[in-house]
Visitor: 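I have a structure I would like to understand better, so I am pasting it below and will then ask my questions one at a time.
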Amino acid sequence: MSLSREFELLEETTLEHPKKFKVYLLNDDYTSMDFVVDILITIFHKSYEQAESVMLDIHKTQRGLCGVYTHEIAETKVIQVKKRAQTSGFPLKATMEEE
Ligand code: TYC
């Protein structure tokens with residue numbers, strides 16, 4: 001296959017399947033459960049019931065999936081969590097990893 005055809009194929013794949021990134025919240029001993037539920041509702045658009053369930057899952061297993069997004073949106077969510085946590089004085093952290 002020619003190099004230019006290889007680039008064409010690569011471009012098509014990239015355009016049709018932009019990489020997706022999983023965003024996780026991590027457990028810690030200090031962030032309040034209510035604050036995590038609020039973050040899940042306001043940043044990750046969960047219902048109250050979903051937010052409570054994800055928060056408890058994180059509390060028990062040390063991390064929990066909050067959503068899957070394009071790189072830019074995932075990065076924005078991680079930054080939003082960091083800012084809200086800093087403002088509220090909690091050590092809550094979010095991470096992202098390629099799907
Ligand atoms: N472990 C925290 C507590 O007992 C609650 C918590 C849940 C913290 C989820 C962070 O991502 C988190 N207060």
Side-chain angles (χ1 to χ4, degrees):
M1 198 190 311
S2 73
L3 196 56
S4 66
R5 181 68 191 131
E6 279 189 47
F7 276 119
E8 270 173 28
L9 286 177
L10 181 66
E11 196 176 10
E12 280 167 25
T13 320
T14 315
L15 287 175
E16 284 163 29
H17 308 288
K19 286 180 191 165
K20 291 296 189 73
F21 291 80
K22 293 178 176 170
V23 176
Y24 293 94
L25 280 180
L26 307 184
N27 190 35
D28 65 72
D29 292 338
Y30 304 103
T31 304
S32 77
M33 291 184 171
D34 283 349
F35 182 77
V36 178
V37 168
D38 189 61
I39 289 285
L40 286 161
I41 293 170
T42 57
I43 297 181
F44 296 98
H45 307 296
K46 306 289 186 196
S47 68
Y48 181 82
E49 290 73 20
Q50 288 171 328
E52 199 175 39
S53 155
V54 173
M55 181 280 294
L56 287 173
D57 183 48
I58 302 166
H59 180 67
K60 287 177 197 146
T61 69
Q62 303 308 312
R63 77 169 188 176
L65 182 63
C66 303
V68 182
Y69 309 96
T70 60
H71 189 271
E72 193 178 1
I73 293 175
E75 220 169 46
T76 304
K77 304 261 178 211
V78 171
I79 292 166
Q80 285 173 334
V81 170
K82 192 173 180 177
K83 284 189 181 155
R84 289 267 304 273
Q86 276 172 354
T87 307
S88 308
F90 288 125
L92 181 66
K93 276 203 161 49
T95 61
M96 58 190 270
E97 64 181 50
E98 195 179 331
E99 204 177 39

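Remember, it's 1-based here, ligands and their atoms both numbered in the order they're listed. A quick note: this is a predicted structure, and the numbers were derived from the prediction, not measured.
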Visitor: Donor-acceptor check, side chain of S53 to backbone of E49, threshold 3.5 angstrom: yes or no?
Guide: no

Visitor: Could you check ligand 1 for N or O atoms lying under 3.5 Å from protein N or O atoms and list the pairs with distances?
Guide:
| from | atom 1 | to | atom 2 | distance (Å) |
| --- | --- | --- | --- | --- |
| ligand 1 | 1 (N) | N27 | OD1 | 2.8 |
| ligand 1 | 1 (N) | D28 | O | 2.7 |
| ligand 1 | 1 (N) | H59 | ND1 | 2.9 |
| ligand 1 | 4 (O) | H59 | ND1 | 3.4 |
| ligand 1 | 11 (O) | L26 | O | 2.8 |
| ligand 1 | 13 (N) | T31 | O | 2.9 |

Visitor: Give me each pair satisfying side chain to side chain donor-acceptor pair (under 3.5 Å) with a member in residues 69-82, each pair once, sequence neighbours excluded.
Guide: none

Visitor: Which residue in the set V78, V81, I43, L40 passes side-chain contact (heavy atoms from CB on, under 4.5 Å) when paired with C66?
Guide: L40

Visitor: T95: what forms a side-chain hydrogen bond (donor to acceptor under 3.5 Å, both in side chains) with it, not counting sequence neighbours?
Guide: none

Visitor: For residues F44 and Q50, determine if any side-chain heavy atom of one lies less than 4.5 Å from a side-chain heavy atom of the other.
Guide: no

Visitor: Considering residues at least two apart in sequence or located in another chain, which fulfil the ring-ring contact (aromatic ring centres under 6.0 Å, His included) criterion with F35?
Guide: F90

